[in-house]
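Inspection log for the structure reproduced underneath, given as structure tokens.
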Amino acid sequence: MTSSGSESFYATIPVFRGFGRLMDPALYSPLPDDWSIGIADVVESTKAIADRRYKAVNMAGASVIAAITNALEGREFPFVFGGDGASFAVSPQDLEAARDALAATAIWVQESLNLVLRVALVPVASVRAQGLDVRVARFAPSPNLSYAMFSGGGLGWAEVAMKRGEFAVLPAPPGTQPDLSGLSCRFEEIPSVRGLILSVLVVPAAGAEPGAFRKLIEDVIALVEKSPQSARPVPPGGPELSWPPKGLDFEARAAQGGPLLMRRVSVLGRTLFVYLIMRFGISVGGFVPQTYVRQVVENSDFRKYDDGLRMILDCTPELENAIEQRLKLAASNGTIRYGLHRQDAAMMTCFTPSALRSDHVHFIDGARGGYASAATALKASAA
């Protein structure tokens with residue numbers, strides 16, 4: 001693939017609808033050899049979650065995607081939100097901009113959220129030298145946007161390599177601020193209406209037969225698809241919005257310019273304006289609250305695939321039991337490793353570069369540990 005062809009690679013991948021088709025290998029295209037994978041995760045996220053710092057952990061993960069998107073000036077690139085981190089891929093033309101954004105985000109997370117964000121950029125060629133691959137598909141949960149799905153085992157290997165200290169991107173100098181425009185967390189927690197919010201993480205076991213793993217993932221998705229709204233944790237009317245928002249301080253810390261106190265005052269005023277027009281359904285300058293809320297629901301990123309299945313589901317006890325029994329059986333057969341985490345609510349972190357466009361992104365995680373706690377359960381099961 002030529003350099004110019006490599007740069008436009010992601011835009012040429014056909015978008016698929018229907019999450020049940022997720023495991024069809026024909027949907028996935030190999031990343032060009034000259035691309036790089038970005039990996040980020042919060043160090044000791046388990047401890048932060050034990051300290052009930054759920055929102056800070058999610059904000060750190062989402063900040064990576066916001067910073068890269070803004071650094072690339074809105075050019076499309078594949079990414080996936082993992083709760084306590086994020087993964088993405090960039091072309092060689094965007095590599096240095098992504099590196100600078102990652103470094104700035106790492107120091108911002110340290111200084112503003114009091115967390116350590118480990119970040120790395122791994123050449124795709126290094127992944128393929130291990131006999132693994134990085135393939136990407138584009139899933140559209142709605143007509144408004146698409147999310148990337150990754151397969152091939154490369155992301156998992158890159159994350160392990162990062163944790164060994166390889167391919168590290170060092171934090172930028174203190175005080176460096178990434179451009180996090182559009183990143184917010186204004187909505188209230190989303191309580192379960194069906195019974196419980198279930199965080200699900202399923203990965204193939206070492207040496208698992210690919211056909212058996214694919215069948216397991218398709219079985220679990222089929223169980224979920226039978227549930228009302230596919231067990232989507234975001235209600236049809238959208239999450240509750242209150243003022244002042246509980247995420248006020250995080251949004252102020254993400255804003256650029258001036259002392260933190262002045263940024264808090266600015267965010268207070270901005271969020272009050274938004275709250276009033278949303279509360280009373282007032283259309284302003286082409287912004288229609290009802291349309292925006294519908295898109296928030298449609299665009300919610302509550303299930304994905306990045307070398308493993310991740311889902312945040314609003315489950316009935318029956319669905320939870322059916323999923324767990326199917327996973328237990330597959331684990332006992334040596335097909336998968338999995339982690340589940342149960343909680344009473346979900347939460348949403350939003351990336352809305354423009355409220356006038358329909359492609360705003362809304363990341364869903366469990367509100368009491370979410371994906372990070374499911375990952376802890378998965379690691380415990382393998383011990």
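Bear in mind that the values here come from a model prediction, so they are computed numbers and not experimental data. Just so you know, these numbers use all the heavy atoms, side chains as well, and skip hydrogens, waters and symmetry mates.
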N-O pairing of Arg303 and Glu225 below 4.0 Å: yes

Expected output: side-chain Arg75 to main-chain Leu72 donor-acceptor under 3.5 Å: yes

So Val57 and Asp365, side-chain contact (heavy atoms from CB on, under 4.5 Å) or not? Walk me through it. CA-CA 10 Å; Val57 169; Asp365 200 0; over 6 Å; no

Least distance between heavy atoms, Leu121 atom then Gly38 atom: CD2-CA, 3.8 Å

State whether a side-chain donor-acceptor pair under 3.5 Å links Thr335 with Asn333. no

Please report the C-alpha distance between Glu324 and Leu198 in whole Å, then the side-chain angles of each, then the deciding distance to 0.1 Å, and finally whether the side-chain contact (heavy atoms from CB on, under 4.5 Å) criterion is met. CA-CA 10 Å; Glu324 184 169 26; Leu198 185 68; over 6 Å; no

Between CE on residue Met149 and CG on residue Leu309, distance to nearest 0.5 Å: 9.5 Å

Nearest 0.5 Å, please: how far is CZ in Arg310 from OG in Ser199? 10.5 Å

Tell me whether the count of non-hydrogen atoms from other residues, nucleotides or ligands lying under 6.0 Å of CZ in Arg279 goes above 12. no

Assess the side chains of Thr271 and Arg186: does a donor N or O sit below 3.5 Å from an acceptor N or O? no

Reference residue Pro30; test side-chain contact (heavy atoms from CB on, under 4.5 Å); the match among Val136, Val124, Asp133, Val134: Asp133

Could you tell me if Arg138 and Ser146 have a donor-acceptor pair between their side chains, going purely by distance under 3.5 Å? yes

Phe302, Phe363, Phe187 screened by side-chain contact (heavy atoms from CB on, under 4.5 Å) with Met348, the one that passes: Phe187

Cys185 versus Asn58: any side-chain heavy-atom pair under 4.5 Å? no

With the threshold set at 4.0 Å, does a side-chain nitrogen-carboxylate oxygen contact exist between Lys215 and Glu218? no

Does a side-chain N-to-carboxylate-O contact under 4.0 Å join Asp359 and Arg357? yes

Below 4.5 Å, heavy atoms only, C-beta onward: do Ile39 and Asp41 meet side chain to side chain? no

Is any side-chain heavy atom of Pro235 less than 4.5 Å from a side-chain heavy atom of Val193? no

Please determine, by modelled atom types, if Ser142 and Gln295 share a side-chain donor-acceptor pair under 3.5 angstrom. no

Does CZ belonging to Arg270 count more than 12 external heavy atoms closer than 6.0 Å? yes

Could you check if a side-chain atom of Phe250 sits within less than 4.5 angstrom of a side-chain atom of Leu113, using non-hydrogen atoms only? yes

Less than 4.0 Å between a side-chain N and a carboxylate O, is that true for Glu189 and Arg368? yes

Below 4.5 Å, heavy atoms only, C-beta onward: do Leu313 and Val200 meet side chain to side chain? yes

Is a side-chain donor-acceptor pair under 3.5 Å present for Ser242 with Glu188? yes

Looking at Arg263 and Arg253, what are the two nearest heavy atoms and their distance? NH1-O, 3.4 Å

Donor-acceptor pair, side chain of Asn70 and main chain of Ser181, under 3.5 angstrom: yes

Has the side chain of Asp307 got a donor or acceptor atom that lies under 3.5 Å from a matching backbone atom of Gly152? yes

State whether the side chain of Asn299 and the backbone N or O of Ser358 hold a donor-acceptor pair below 3.5 Å, judged by distance alone. yes

Report, as yes or no, whether the 6.0 Å neighbourhood of atom CD on Glu209 holds more than 12 heavy atoms from other residues, nucleotides or ligands. yes

If you compare all heavy atoms of Ala345 against all heavy atoms of Ile197, which two are closest, and at what distance to 0.1 Å? C-CG1, 3.4 Å

Which of these, Tyr147, Phe150, Phe19, sits in a ring-ring contact (aromatic ring centres under 6.0 Å, His included) with Phe139? Phe19

With the side chain counted from C-beta on, respond yes when Pro25 and Arg214 share a heavy-atom pair under 4.5 Å apart, and no when they do not. yes

When you measure from the side chain of Thr376 to the backbone N and O of Ala372, does any donor-acceptor pair fall under 3.5 Å? yes

Over all atoms of both residues, closest heavy-atom pair of Ala137 and Ile13: CA-CG2, 4.4 Å

For Ser192 and Asp314, does a side-chain donor sit closer than 3.5 Å to a side-chain acceptor? yes

Beyond-backbone contact of Phe81 with Phe351, side-chain heavy atoms, under 4.5 angstrom: no

Please indicate whether Arg164 has more than 12 foreign heavy atoms, meaning atoms of other residues, nucleotides or ligands, lying under 6.0 Å from its CZ. yes

Between Val234 and Pro239, the two heavy atoms sitting closest are CG1-CD, 4.0 Å

How are the rings of His360 and His362 set relative to one another: parallel (under 30°), tilted (30 to 60°) or perpendicular (over 60°)? perpendicular

Which heavy atom of Val267 sits nearest to which heavy atom of Ala252, and what is that distance? CG2-CA, 3.9 Å

